[in-house]
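Single-structure report; data block below.
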Amino acid sequence: MDKFETYEKMGIERCVFDYCERIAEKLKERFYTIDETAERNQLKVLHAFRKNQVQEACMMGTSGYGYNDIGRDTLEKVYADIFHAEDALVRPQITCGTHALALALMSNLRPGDRILSASGRPYDTLEEVIGIRDSLGSLKEYGIGYDEAPLLPDGGFDFGKIRDSLKPKTRLIAIQRSKGYSDRRTFSTRQIGECIDFLRSLRDDLIIMVDNCYGEFVEDIEPTDVGADMAVGSLIKNPGGGLAPIGGYIAGKKECIENAAVRLTSPGLGREVGASLGMMRDFYQGLFLSPTVTASALKGAIFAANIYESLGYYVLPDGSEDRYDIIQSVTFNDPEALMSFCRGIQAASPVDSHVRPEPWDMPGYDSKVIMAAGSFISGSSIELSADGPLREPYAVYFQGGLTWPHAKFGIINTLQHLVNDELIDRSLFK
Ligand SMILES: *Cc1c(COP(=O)(O)O)cnc(C)c1O
C-alpha cells in the first residue's frame with residue numbers, strides 16, 4: 001500500500017503529508033548522528049548492567065520495610081555507574097522531578113545557608129520549593145536564602161554576575177540544564193562544565209546541583225562527568241524510557257546522596273528502607289530502552305522545528321542547531337494555534353485520543369496551562385506530549401515520543417489540525 005494511504009486513513013491530507021515527507025527526507029543525515037549517540041549510550045547502559053550483574057532476582061520487588069532489596073540497591077549502583085558518580089538514589093518514593101530536586105536541596109542545606117541559581121530563574125515548580133513565590137513548607141520558611149544570577153541576553157552564563165552574587169553563606173549552586181518553560185537555549189554539558197570550573201576556581205566549598213530533567217542521554221556525557229556534585233531528574237522523563245511509572249533520581253557525591261537518603265526516609269534509617277514494590281522491572285527495562293527512546297524524541301523535536309520554522313514560526317531550538325534536551329518550543333503568538341497544536345498531539349495519542357484538552361490551573365504553575373498527554377503513564381513527558389502556559393507569547397513546548405514513527409505522525413497531525421482550524425493556509429505548502 002502507498003504510504004500516503006496509511007496517513008490518509010488517519011485524516012492527513014495529501015498536501016500536508018507531502019510537505020512533511022519532504023522535510024523528513026532532508027533530515028536523514030542528522031538522524032544518523034542521533035543514532036550514533038544512542039549507540040554509545042546504549043553500550044554505556046549495558047556496561048553498567050553487566051558490571052553490576054543485574055540478574056533475575058533484581059526484577060522482583062520487596063514489600064514492607066524493604067530491607068536487603070537487591071533490585072533497588074543494584075539499580076542505584078547501575079545509575080551511579082552510568083553517571084560516573086560515587087553513588088545514586090533512585091526510588092519510587094521520589095514522586096517526581098520536582099520532589100527529587102526539592103529533596104536534593106532540603107537535605108543538603110541547613111538554616112542560614114543560601115542557594116545561588118546560576119542559570120537565572122528556575123523551573124516554575126521550583127519557585128515554590130525555594131520560596132521565590134511564597135509557599136507552605138518552602139526552603140525560605142526554614143531560613144534558607146536564595147540569590148539568582150540572571151543569564152546574559154544571549155542565554156549564556158553571566159560569569160561576572162555569578163561571581164558577584166556569591167555570598168559567604170552561599171552553600172549550593174543550582175544550574176538548570178534544560179530551558180523548561182523559558183525563552184532561552186538549553187545548556188550543553190560542556191557549557192555547564194565551564195560554569196562549574198569557574199565556580200570551583202572561586203570557591204572549593206560549594207555543592208553544585210544540576211537539574212538534569214530532559215537532558216539524560218541526549219549527549220554522551222552527563223553533568224556529573226563535568227564536575228557536578230549532583231545530577232537530578234525524573235523517571236517519567238528520559239531515564240524511565242517510558243516504562244517507569246513513577247520515580248526520581250539523584251546521582252552524585254556519596255555525602256550528598258547520604259544526606260538525601262536520610263531526608264527521604266528518616267534519620268537513622270536512610271537508604272536501608274524503602275520497598276521497591278513491583279517497580280523494578282520497569283525501572284530496569286525503561287533505563288535500558290532510554291537511549292533509543294530519547295533518540296526518537298530528539299528526532300521528533302528536530303522534525304517539528306524544521307516544519308514550523310519553514311512555515312515562518314519562531315522555533316527554539318531552530319531547525320539546524322545542536323540539541324541538548326528533548327524539548328522543542330514553537331511560538332504561535334496566538335492562543336488558538338497553541339490549543340490547536342495541543343489538540344493535534346492529543347488526537348495522535350495511543351491513550352485518550354478522543355479527549356479534547358482544555359486549559360486548566362495546574363498546581364505549581366502561575367498561569368493556566370494546556371496539556372496534551374495521551375500517555376500510558378499519566379503525565380509522562382518522555383511520551384509524546386505538548387504543553388504550554390496560556391500567556392504571551394503563546395509558545396507550545398513539545399516533547400517526547402517513544403518511537404520515531406509515532407513522534408512523526410503526532411507532529412504531522414498537529415499541522416493537519418492547524419490547517420483544519422484554518423490557522424494555517426494550504427497555499428503555504430506549495
Ligand atoms: C519537568 C521538570 C522539572 C520538574 O519535574 P516534574 O516531574 O514535572 O515534577 C524540573 N525542572 C525541569 C527543567 C523540568 O523539565
Side-chain angles (χ1 to χ4, degrees), residues 97-98 100-101 117-127 129-130 132 148-158 161-162 173-196 209-219 222-223 226 228 231-234 237-239 294 297-298 300-306 308-309 313-333 338 341-342 362 364-367 369-371 381-382 385-401:
T98 303
L101 289 156
S117 171
S119 46
R121 187 51 57 105
Y123 192 75
D124 287 43
T125 59
L126 282 196
E127 293 186 6
V129 170
I130 294 167
I132 302 170
E148 190 173 288
L151 297 169
L152 292 169
D154 72 357
F157 291 112
D158 188 334
K161 280 228 173 67
I162 291 172
I173 309 291
I175 299 173
Q176 184 179 309
R177 180 172 176 181
S178 169
K179 65 176 178 285
Y181 280 163
S182 70
D183 182 27
R184 65 147 165 109
R185 287 192 160 67
T186 289
F187 290 111
S188 68
T189 304
R190 183 203 297 262
Q191 282 175 298
I192 290 172
E194 284 164 9
C195 183
I196 293 174
M209 180 196 83
V210 176
D211 176 349
N212 204 27
C213 282
Y214 289 127
E216 299 91 352
F217 300 127
V218 172
E219 301 170 77
E222 301 292 339
V226 294
V232 185
S234 163
K237 294 179 180 172
N238 308 16
T294 301
L298 267 176
I302 292 167
F303 184 55
N306 279 275
Y308 284 98
E309 186 175 56
Y313 294 93
Y314 174 69
V315 297
L316 191 71
D318 71 26
S320 55
E321 70 190 279
D322 288 338
R323 301 268 157 170
Y324 305 112
D325 68 9
I326 63 168
I327 301 181
Q328 179 63 49
S329 76
V330 181
T331 298
F332 288 110
N333 290 311
L338 166 61
F341 183 100
C342 289
M362 210 181 142
Y365 295 84
D366 69 355
S367 55
V369 178
I370 184 163
M371 302 194 85
S381 48
I382 185 61
S385 51
D387 36 72
L390 265 283
R391 64 185 181 214
E392 293 283 349
Y394 300 102
V396 74
Y397 294 79
F398 160 88
Q399 67 271 311

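Any value given below was found using the heavy atoms of this structure, including those in side chains, with hydrogens, waters and symmetry copies removed.
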Taking side chain as C-beta onward, heavy atoms only, is [X] less than 4.5 Å from [Y]?
X      : Y      : result
Ile132 : Arg121 : yes
Arg177 : Asp325 : no
Glu194 : Val226 : no
Val396 : Phe332 : yes
Ile196 : Ile173 : no
Ile327 : Phe398 : no
Leu152 : Asp158 : yes
Val210 : Ile192 : yes

Arg190, CZ atom: more than 12 neighbouring heavy atoms under 6.0 Å: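 Counting other residues, nucleotides and ligands, CZ of Arg190 stays at 12 neighbours or fewer.
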Minimum-distance pair of heavy atoms, taken over all atoms of [X] and [Y]:
X      : Y      : answer
Glu148 : Pro122 : OE1-CD, 3.9 Å
Met371 : Asp387 : CE-OD2, 3.6 Å
Gly233 : Ala100 : O-CB, 3.8 Å
Ala305 : Gly319 : CB-CA, 4.0 Å
Ala304 : Gln328 : CB-CG, 4.3 Å
Ala395 : Pro389 : O-CD, 4.2 Å

Quick one: pull up [atom1] in [X] and [atom2] in [Y] and give me the separation to the nearest 0.5 Å.
X      : Y      : atom1 : atom2 : value
Leu151 : Ser182 : CG    : OG    : 8.0 Å
Leu126 : Ser117 : CG    : OG    : 9.0 Å
Glu309 : Tyr314 : CD    : OH    : 10.5 Å
Asn333 : Glu392 : CG    : CD    : 6.5 Å
Asp211 : Tyr123 : CG    : OH    : 9.0 Å

Side-chain ion pair, Arg185 and Glu321, N-O less than 4.0 Å: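 A salt bridge links Arg185 with Glu321.
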Polar side chain donor-acceptor pair, Ser381 to Tyr214, under 3.5 angstrom: yes
Glu222-Thr189 side chain donor-acceptor pair, cut-off 3.5 Å: no
CA sep, side-chain torsions, deciding dist, call: Leu316, Ser329, side-chain contact (heavy atoms from CB on, under 4.5 Å): CA-CA 5 Å; Leu316 191 71; Ser329 76; 3.5 Å; yes
Flag, side chain of Asn238 to backbone of Glu216, donor-acceptor distance under 3.5 Å: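 Looks like yes, one N/O pair under 3.5 Å.
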Ser178 backbone acceptor or donor facing Gln176 side chain under 3.5 Å: yes
Cation-pi check, Lys237 onto Tyr397 ring (under 6.0 Å, within 45° of axis): no
side-chain contact (heavy atoms from CB on, under 4.5 Å) assessment of Ile175 paired with Cys195: CA-CA 9 Å; Ile175 299 173; Cys195 183; 4.0 Å; yes
Thr331 and Tyr394: CA distance, side-chain angles, deciding distance, side-chain contact (heavy atoms from CB on, under 4.5 Å) verdict: CA-CA 6 Å; Thr331 298; Tyr394 300 102; over 6 Å; no
